[in-house]
There are 2 protein chains.
Amino acid sequence: MTPPPAISDAVTIELNAVLVALTGNQPLVLTLEDGALLPSGPFATEHPTLQSGVRAWVERQTQHPLGYVEQLYTFADRNRPASDGQRRVVSISYLGLTRERLSAGARDPEWRSWYRYFPWEDWRAGPSPLVAQTILPQLSTWADAAGAVAQQRERRQRIDVNFGDGVENWNEDLILQRYELLYEAGLVPETLQERNRAAPSAVEPVPGMPMRHDHRRILATGIARLRAKIKYRPVFFELMPPEFTLLQLQRAVEALAGRPMHKQNFRRLIDQQGLVEPTGASTSETRGRPAKLFRFRREIVLERSVAGTKLPLSRPI
Amino acid sequence: MTPPPAISDAVTIELNAVLVALTGNQPLVLTLEDGALLPSGPFATEHPTLQSGVRAWVERQTQHPLGYVEQLYTFADRNRPASDGQRRVVSISYLGLTRERLSAGARDPEWRSWYRYFPWEDWRAGPSPLVAQTILPQLSTWADAAGAVAQQRERRQRIDVNFGDGVENWNEDLILQRYELLYEAGLVPETLQERNRAAPSAVEPVPGMPMRHDHRRILATGIARLRAKIKYRPVFFELMPPEFTLLQLQRAVEALAGRPMHKQNFRRLIDQQGLVEPTGASTSETRGRPAKLFRFRREIVLERSVAGTKLPLSRPI
DNA sequence: CTTGATTATGCTCATTCTTAGTATAATTAA
DNA sequence: TTAATTATACTAAGAATGAGCATAATCAAG
């Protein structure tokens, strides 16, 4: 145990951002180079903290304030040397939510639906047919190809836990684990590039656009974090316009979760938790009965500490 | 937006670990230098990944395998220059759980109850008197001292959310926020060192041992993560011996959560989830009726993907 | 102006999950 | 033999959840 803070070799820090916005019921993520990369930036000495570094750099580029920023993960990839060929790169990734998006339709910083990268994650219209028809059969082949019987069983169990049967037992939070499983099974192009550059694999990769480096993995991490977070913290308001109808809010949450929700119960929950208040106005932009407009009650975030415990704490003291 | 991974100034990586063990119903954390520091180590080039770096370094030092390792947080503290006086330090902290502990009673790597650092967090015997008697009055003074009325109200609300009234509305997961609030209010010695080195503050710091640098903050982050995690993932088994009684398990969880639990309901939950299986043996180490011994069903971790949703997903598909 | 389609919203109901017990069993220490 | 201690089974009230029916308010066609 080295008492004084130990000093290691020098490394270079790279910041990566998963920037999320929401338009027309699509969850969007900011990409570069024809969707092949997430925005990356330097961490320069002038920034007092990492978070302020991310904010400064993103806001300068997008001209829009970041509503919410959260650190995702830090890792050091041995396979990715710094471009100066010398130092190792440590990348720190962040999730950022923003309310408006810049330059819709622009080519280089471009907003894309994240379901282009993870088409199997969109279950808003029911079970994604990709899972049952394409993914599960291929994963099944992979499981059978394992050497030992024990390993076959283990693979099958992991497949079952993470993908269910294609209809039931789908847990939208497991997006990262699912991507990792596909990666391990060699069913995403990223694997091929890395392992079989010389000898391309025989299996057809699963649909879904790849990214360079590990960026699709970082994106999966961001989506997973966001999907988990909305269940106990109303961060989705950071993505909404100042006023909205309850159906718009529901569609937004569904876009993030990738799952349909029960309309009446959704309203009941939002209402019970006192998350919104009516503005008094209503809108007739929809076809049917005009919907009341609501705004988010910002105070609530301070008021509540929310937490869904699973352990039998005695008395709600 | 800089397309190619941008390169920033060189920095030095420091790894910090919150290593947790459990003995005699006390949650222990490994410390150095008379409890003033968490173990820190270098991240050297030979390690393929950060996680393997942490494992290697910790296991070499403690001679014990780490059951579970999880990244906590990364940050760059402008106030802490590298000891070579040149490069900036970026510290990456990890949480590690270990089943046995080395050298009980040793002086330098020393295991200490984490409640020595956060005495107000121990509510196992009911509401901690420290909160109502010492902390809340001092925080109240601090709130009143705010300049603007709006700021006073905001402070009071934060106090209320994070500390409740000293008896009710205590959320054990908010340990980090509570520490940060005390820090902001100048009620922990760490603040004094930093801000008022010349002119010591008039207020008496709240009981609880401080640490150097930001180590007590890192510890709070680790405890918070662990307290939150045990609610949806049975990581506490990493801290248990191979065989245990249900009461021992309950005491372990209570030590982590800092809250008492309802015995019968605890058992029912553990049982329902199929987390344990009887070994067939029982123990008479306790005074009363002998308890059955159980072991953890490791398979269950694979089988279950657990998740407590708060949103009204339609049908449990 | 009537009808059907569409969206909004109020309300009910069965089921499950929690919380907080009571009751009883099996031990040891005195 | 009794009191204290620990383990375990069982129950009942209340809250939260998931599903659906019913009704209201609007627009687009005919």
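Chain A is the first sequence line, chain B the second, and so forth, proteins listed ahead of strands; every chain is numbered from 1. Atom set for the values below is all heavy atoms of this structure, side chains included, hydrogens, waters and symmetry mates excluded.
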*Indicate yes or no for a side-chain donor-acceptor contact from B:R225 to the backbone of B:Q71 under 3.5 Å, with no hydrogens or angles considered.*
yes

_Side chain of B:H262 - closest among D:dA19, C:dG21, C:dA8_ = C:dG21

*Contact class for A:K263 (heavy atom, under 4.0 Å): base, sugar-phosphate, or nothing?*
base

_Ionic contact status for A:E180 with A:R158, cut-off 4.0 Å_ = no

*asked:* Regarding A:E172 and A:R259, does a basic nitrogen lie under 4.0 Å from an acidic carboxylate oxygen?
replied: yes

*Atom CD1 in A:I175, atom CG in A:L226: separation rounded to 0.5 Å?*
10.0 Å

*Tell me: CZ of B:F266 to C1' of C:dT18, nearest whole Å?*
16 Å

*Treat primed atoms plus P, OP1 and OP2 as sugar-phosphate and everything else as base, then score nucleotides 22-30 of chain D 5' to 3': B for base contact with protein heavy atoms under 4.0 Å, S for sugar-phosphate contact only, - for none.*
--BBBS---

*asked:* Check A:E238 with A:R298, please: is the shortest side-chain N to carboxylate O separation under 4.0 Å?
replied: yes

What pairs of nitrogen or oxygen atoms, one from the protein and one from nucleotides 11-13 of chain D, lie under 3.5 Å apart?
none

_How many whole angstroms separate atom CD1 of A:I270 from atom C1' of C:dT9?_
15 Å

*For B:M261 and C:dG21, give me the distance from atom CE to atom C1', rounded to whole Å.*
18 Å

*Is the gap between the ring centers of A:F244 and A:F237 under 6.0 Å?*
yes

*Taking atom P of D:dT6 as reference, at what distance in whole Å does atom CG of B:L293 sit?*
16 Å

*If you measure from the Lys or Arg side-chain nitrogens to the Asp or Glu carboxylate oxygens, is any gap between A:E154 and A:R156 under 4.0 Å?*
no

*Could A:K292 and A:E277 be called an ion pair, given the rule that one side-chain N must be under 4.0 Å from one carboxylate O?*
no

_Expressed as a whole number of angstroms, how long is the span from B:L269:CG to D:dA9:P?_
15 Å

*Provide, to the nearest angstrom, the distance between the CG atom belonging to A:D271 and the P atom belonging to C:dA8.*
16 Å

*Could you pull out all residues at least two apart from A:Y68 that satisfy ring pair (Phe, Tyr, Trp, His ring centres under 6.0 Å)?*
none

*Within this structure, what is the CD-to-P distance between A:Q250 and C:dT7, rounded to whole angstrom?*
12 Å

*A:R267 CZ to D:dG18 P: how many Å, rounded?*
18 Å

